[in-house]
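Numbers restart at 1 for each chain; the letters A, B, ... are given by sequence-line order, proteins then strands.
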Amino acid sequence: MILKTYIKLCALVAALILTGCTTINVDQVRLRESITLEQNDAIVVLGRHQTAEIQTEASLVSCIGGRLSRGTGSTRIIPEREFVDLMYPWFEARTAPLSPKKLKAVLDRPLLAQRVRDLSIRYFVWVEGSTERTGAAGSLTCSIGPGGGGCFGFGTWEDTSDYETTIWDLETFTEVGRISTEAVGTSYMPAFVLPIPLLAQVQGDSCRGMGRQLVKFFSDEPTALKTAN
Amino acid sequence: MQINIKQLSNKLALVTTILFLSGCATNVVVKGTIPEPLIDKLPLTASLSYTEDFTNYTYVEAQKSRRSVVSKFDFKDAQISMFDRVFDALLTVAPTGAGDTDLIIEPQVLDFQYSTPNETQTTQYEVWLKYRLQIMDGDRQNLADWVIKGYGKTPTAMLQSTSAAFNAAANVAMRDVGAQLAIRFGRQTSVQALVAEKGSFPASTDSSADQKIGESVEQAIDEDVSVLQDLAEQGAVEQDLAEQVIAEQDIVQNVEEVVDEAQQVLEQAEEVIQVPSEE
């Protein structure tokens with residue numbers, strides 16, 4: 001009986017940890033009416049790292065790639081690390097092309113053109129942005145002594161993530177669309193002996209929103225989408 | 001329940017030792033390789049000359065306050081591997097000491113710096129590398145002296161040790177140096193001159209690719225020039241408009257002066273009319 005109650009309590013705490021309060025906005029700009037994606041075409045999802053300030057998290061890029069892969073079914077998504085290694089040194093932070101025109105100049109080199117043909121890459125998806133802590137309040141104190149230990153207090157913090165995705169078509173070397181997401185989430189940590197984290201998964205929600213919208217973009221649904229969760 | 005004092009004290013000593021060691025400084029040994037560069041081979045032979053200082057280079061932290069975090073940074077193997085890999089792809093590398101090569105390349109570590117998240121109040125581990133590359137001909141006459149800087153950073157992550165974080169940041173910095181070497185080495189004036197002496201590039205498609213790159217660069221320059229011309233024209237139009245406005249302001253000012261004069265004349269006329277009526 002006690003064990004069942006304990007398991008239920010653990011499950012409740014786990015559920016609380018996984019929930020959070022996040023508001024997300026997704027915007028899309030489609031620069032071409034229809035997007036062609038053949039069966040063998042591949043898409044590369046890359047993060048922007050060109051300056052010390054602009055360093056998109058690798059975990060988010062990987063998350064978006066995973067969502068796109070699951071949502072588009074048969075389309076092959078090439079992971080960032082694999083692509084950057086295969087095309088070294090042309091897509092490092094310092095050397096990655098910043099515009100479709102410069103990408104064309106790079107891919108005019110026969111070795112790179114052949115590599116891109118071998119990989120059947122059709123679209124580049126560039127992700128740029130970051131998640132930052134924009135506020136914090138409260139305090140938490142933990143102590144341990146001979147009789148035992150625990151934490152007391154209450155803490156709260158706010159995270160904001162702002163990401164923009166640019167999609168380039170390698171057939172025409174033009175930009176075909178942009179998707180931006182902005183998410184704000186507040187996390188809470190009440191503590192009475194044990195701290196109970198109620199975390200807002202801001203970056204995860206951004207990935208979900210961006211991934212969902214990218215899938216719709218490549219599925220050729222021309223309606224613009226703006227949602228708040 | 002009997003407590004074995006000796007066993008308990010041994011366990012306590014072990015726990016204390018582990019806790020003590022976890023607070024000690026880290027010796028970072030950088031491991032990792034860079035990928036095979038996707039570049040055209042230049043028609044030149046070279047030998048890589050690694051001095052003893054270069055092959056044994058280890059950064060030792062001199063500041064006491066920083067020694068508690070990192071005491072040593074050993075990346076000699078990683079940097080040798082990086083230079084070997086890049087130059088193997090760029091040139092035909094002869095064994096060290098082999099005579100009669102077109103180039104002798106001697107790298108040297110000029111500077112190494114790092115920062116921890118605590119120092120910068122960020123969530124990043126950062127590494128900066130600075131190399132000097134001496135490029136000499138077969139007779140060890142200096143052709144070029146090239147300074148290359150590399151930068152790498154990695155964010156903090158749960159359960160990631162300081163050593164692993166610095167390893168990742170150093171690898172990114174190495175890749176940065178390797179990328180610059182691979183792309184810009186062939187553009188060095190002295191290297192281009194040697195290649196020209198030797199003859200053409202091995203693959204004719206390379207020259208057509210270079211021609212296409214040149215054409216697209218020219219196209220980009222033409223577009224930039226036309227944008228600048230548009231801006232200049234717009235500037236000229238705006239200047240004309242400004243001059244027009246100034247001219248109109250002058251006209252308005254002249255009209256105002258005329259109106260003032262007219263008012264004065266009117267007032268004088270009123271005075272003249274009033275005087276005969278008083279009389």
Pairing residues for A:Gln203 by the side-chain hydrogen bond (donor to acceptor under 3.5 Å, both in side chains) criterion, not counting sequence neighbours: A:Ser59
Residues in residues 163-184 of chain A that sit under 4.5 Å from chain B, counting heavy atoms only: none
Minimum side-chain heavy-atom gap A:Val127-A:Val45 below 4.5 Å: yes
Contact class of B:Pro155 relative to chain A, heavy atoms under 4.5 angstrom: neither
Parallel, tilted or perpendicular: rings of B:Trp128 and B:Tyr151 (30°, 60°): tilted
Contact listing (chain B partner; residues 80-94 of chain A; heavy atom under 4.5 Å): A:Arg81, A:Val84, A:Asp85, A:Leu86, A:Met87, A:Tyr88, A:Pro89, A:Trp90, A:Glu92, A:Arg94
Side chain / backbone / both / neither for B:Glu36 at chain A, heavy atoms under 4.5 Å: backbone
B:Phe112 ring center within less than 6.0 Å of B:Phe75 ring center: yes
Among A:Ile78, A:Thr75, A:Ile121, side chain to side chain contact (heavy atoms under 4.5 Å, CB included) partner for A:Ile43: A:Thr75
Whether B:Tyr114 and B:Tyr59 hold their rings parallel, tilted or perpendicular, with breakpoints at 30° and 60°: perpendicular
Polar side chain donor-acceptor pair, B:Ser115 to B:Thr120, under 3.5 angstrom: no
Contacts of B:Asp102 that satisfy side-chain hydrogen bond (donor to acceptor under 3.5 Å, both in side chains) - sequence neighbours left out: B:Thr45, B:Lys198
Any side-chain heavy-atom pair of A:Phe152 and A:Thr141 under 4.5 Å: no
Parallel, tilted or perpendicular, as decided by the 30° and 60° cut-offs, for the rings of B:Phe185 and B:Trp146: tilted
Atom group of B:Leu181 that falls short of 4.5 Å from chain A, counting heavy atoms: neither
Ion pair check, A:Asp205 and A:Arg208, cut-off under 4.0 Å: yes
